[in-house]
Amino acid sequence: MELAIINQPVSLDQGRYLLFLDILGFSKMVETKTTPEIYAVIDDALKSFGRWEKLNGSFKTIYFSDTFIFYQASEGYGSWAFLDIYAISGMILSALLAKEIPARGVISFGEFEVKLDTTGFTQVYFGKALIEAYKAEQLEKWIGITILPSAWNPYEAENPGTIDAFAYEKVWLRRNDDTLLLNPFVKLKGWYLSSLIGEVDKPYSKWDMPEFPNDILGFKFIRDQADAYAAINDFFSPAAIKYHMTIRFLESILGDQLYKWGVEISRPGNF
């Protein structure tokens, strides 16, 4: 059955923010890994979501197969919800990559219903925001998180000019279709500036845990995978393209100096 989006905008006080996120390569994992190995991957991923559920308290997680939905618990737009979901989503992706779990996600805003059925035993969830995010995620060919106009337009309307201001600060790149490509390693800039004045201590694996080690390991994982495909001259298989496109994105958004620093600090001797 074809899923369709009905182009009827939801009122801001009835919508929710959500992150729709898929583990990439999950089917192959199920075919080639043992049940305990697969469970360990899922459990690691759920821990990343669960940490932010506890720290933030305003979002909840739904999981099934290779998909996670991290959604705003209460209905209604709030600038706090936009700021929280994009920041938390970036840190969740960084944590997954640090555990060598490639993932791709989309943030949307709109109608999303979550409730129990009349028996009180089964959770029911559906909505246009979920369908929009699912369809958008299927079109992407990289490893990362995109933010749809449905998610950022309400914030921009309330705070004119801030979306482009954040793009200038490399929080995201704004694509020609007005989709935002989120920088999962945005905090590297602050840490780099701290390192210049000697405030970042080795071993890096112990400094400002868990965000700093996650960013280093996540960055290293993407580079290692891209290098492995390049070593066998694979630049065009579907799996290889995801990593090569992600490297091009990171080179662009981090810039030459910060990208090189990321390479240096992720060397085993420094970590």
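Under a cut-off of 6.0 angstrom, the local environment of CZ in F64 is crowded, with over 12 non-hydrogen atoms contributed by other residues, nucleotides or ligands. The number of heavy atoms from other shown groups lying within 6.0 Å of OH (Y63) is above 12.
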Subject >> Derivation and outcome, salt bridge (charged side-chain N to carboxylate O under 4.0 Å, His left out), residues K28 and E31 >> reply: CA-CA 5 Å; K28 183 177 180 180; E31 293 171 353; over 6 Å; no
**OP:** Any chance you could lay out the side chain to side chain contact (heavy atoms under 4.5 Å, CB included) test for I143 and I222, step after step, and finish with the verdict?
**Re:** CA-CA 9 Å; I143 297 166; I222 293 293; 4.1 Å; yes
Subject >> From CA spacing to verdict: side chain to side chain contact (heavy atoms under 4.5 Å, CB included), I101, V41 >> reply: CA-CA 7 Å; I101 303 173; V41 171; 3.9 Å; yes
**OP:** Please report the C-alpha distance between D178 and W152 in whole Å, then the side-chain angles of each, then the deciding distance to 0.1 Å, and finally whether the side chain to side chain contact (heavy atoms under 4.5 Å, CB included) criterion is met.
**Re:** CA-CA 10 Å; D178 279 340; W152 65 259; 3.9 Å; yes
Original post:
Is there a salt bridge (charged side-chain N to carboxylate O under 4.0 Å, His left out) between K189 and E169 once you walk through the steps?
Top reply: CA-CA 10 Å; K189 182 179 179 180; E169 294 297 326; 3.8 Å; yes
Original post:
So L19 and I69, side chain to side chain contact (heavy atoms under 4.5 Å, CB included) or not? Walk me through it.
Top reply: CA-CA 6 Å; L19 165 69; I69 301 171; over 6 Å; no
**OP:** Apply the test ring-ring contact (aromatic ring centres under 6.0 Å, His included) to residues Y259 and F219: give CA-CA distance (whole Å), side-chain angles for both, the deciding distance (0.1 Å), then the verdict.
**Re:** CA-CA 9 Å; Y259 187 90; F219 179 83; 5.2 Å; yes
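Between D215 and P184, the shortest heavy-atom contact is OD1-O, 3.8 Å. The two residues S252 and K170 make their nearest non-hydrogen contact at O-NZ, 4.5 Å. The two residues A45 and F68 come nearest to each other via the heavy atoms CB-CZ, 3.5 Å. Contact record, R51 with P210: NH2-CD, 3.4 Å, taken as the closest heavy-atom pair. Pairing each heavy atom of R174 with each of D164, the nearest pair is NH1-OD1, 2.9 Å. Between P149 and P154, the shortest heavy-atom contact is O-CD, 4.2 Å.
Not a single donor-acceptor pair under 3.5 Å links the side chain of E140 to the backbone N or O of E137. Under the 3.5 Å distance criterion, the side-chain polar atoms of N183 are left unmatched by any main-chain donor or acceptor of W172. With hydrogens and angles disregarded, a donor-acceptor distance shorter than 3.5 Å links the side chain of E156 to the backbone of G161. A distance-only check finds no donor-acceptor pair linking the side chain of K60 to the backbone of F70 [under 3.5 Å]. Judged by distance alone, with hydrogens and angles left aside, the side-chain atoms of H244 form a donor-acceptor pair with the main-chain N or O of D234 at under 3.5 Å. Remark: the backbone N or O of A151 is paired with a side-chain donor or acceptor of Y17 at under 3.5 angstrom. No side-chain donor-acceptor contact under 3.5 Å links R104 to the backbone of D22. Without hydrogens or angle criteria, S108 side chain to L148 main chain gives no donor-acceptor distance under 3.5 Å. No donor-acceptor pair under 3.5 Å is formed between the side chain of R175 and the backbone N or O of L180. In this structure a side-chain-to-backbone donor-acceptor pair under 3.5 Å is missing from Q123 to L116.
Side-chain contact between V263 and R223 is present, with heavy atoms from C-beta onward closer than 4.5 Å. Residues L196 and Y192 have side chains in contact (heavy-atom distance under 4.5 Å, counting atoms from C-beta outward). Side-chain contact check for Y229 versus F236: every heavy-atom pair is 4.5 Å or farther apart. Q72 places none of its side-chain heavy atoms less than 4.5 Å from the side chain of F112. Put simply, the side chain of L97 does not reach to within 4.5 Å of the side chain of N214, judged on heavy atoms. For the pair V124/V114, no side-chain contact is recorded, criterion being any heavy-atom separation below 4.5 Å from C-beta on. The side-chain heavy atoms of E100 and F221, taken from C-beta on, include a pair separated by under 4.5 Å. Within the 4.5 Å cutoff, no side-chain heavy atoms of I107 are placed close to those of T146.
Using the six-membered ring where Trp is involved, W261 and F212 have ring planes that are tilted, between 30° and 60° apart.
Between atom OG1 of residue T246 and atom CZ of residue R248 there is a gap of 10.0 Å, rounded to the nearest 0.5 Å. Here CZ of R16 is found 4.5 Å from CD of E75. Values are rounded to the nearest 0.5 Å. The distance from atom CD of Q225 to atom OH of Y243, rounded to the nearest 0.5 Å, is 4.5 Å. The CG atom of D44 sits 10.5 Å away from atom CD1 of I42, with the distance rounded to the nearest 0.5 Å. Distance OH/Y125 to CG/L130: 8.5 Å, rounded to 0.5 Å. In this structure, L21 CG and I92 CD1 are separated by 8.0 Å, a value rounded to the nearest 0.5 Å.
Residues S94 and E211 have side chains that never bring a donor and an acceptor to within less than 3.5 angstrom of each other. E132 and S150 are linked by a side-chain donor-acceptor pair at a separation below 3.5 angstrom, with hydrogens and angles left out of the test.
Between W52 and F59, the ring center distance fails the sub-6.0 Å criterion.
One hydrophobic cluster holds both L24 and L46 under the rule that ILVMFWY side chains link at heavy-atom gaps under 4.5 Å. Under a hydrophobic clustering in which Ile, Leu, Val, Met, Phe, Trp and Tyr are joined whenever their side-chain heavy atoms come within less than 4.5 Å, directly or via other members, V186 and L55 fall into the same cluster. L182 and V106 end up in different hydrophobic clusters when Ile, Leu, Val, Met, Phe, Trp and Tyr side chains are linked at under 4.5 Å.
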Less than 3.5 Å apart, which donor and acceptor atoms pair up between the side chains of residues 77-91 and the rest of the protein, not counting sequence neighbours?
residue: Y77; atom: OH; partner: E158; partner atom: OE1; Å: 3.3
residue: D84; atom: OD2; partner: N56; partner atom: ND2; Å: 3.0
residue: S89; atom: OG; partner: I85; partner atom: O; Å: 2.5

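Looking at residues two or more places apart in sequence or on another chain, you find a salt bridge (Lys or Arg N to Asp or Glu O under 4.0 Å) between K47 and D43.
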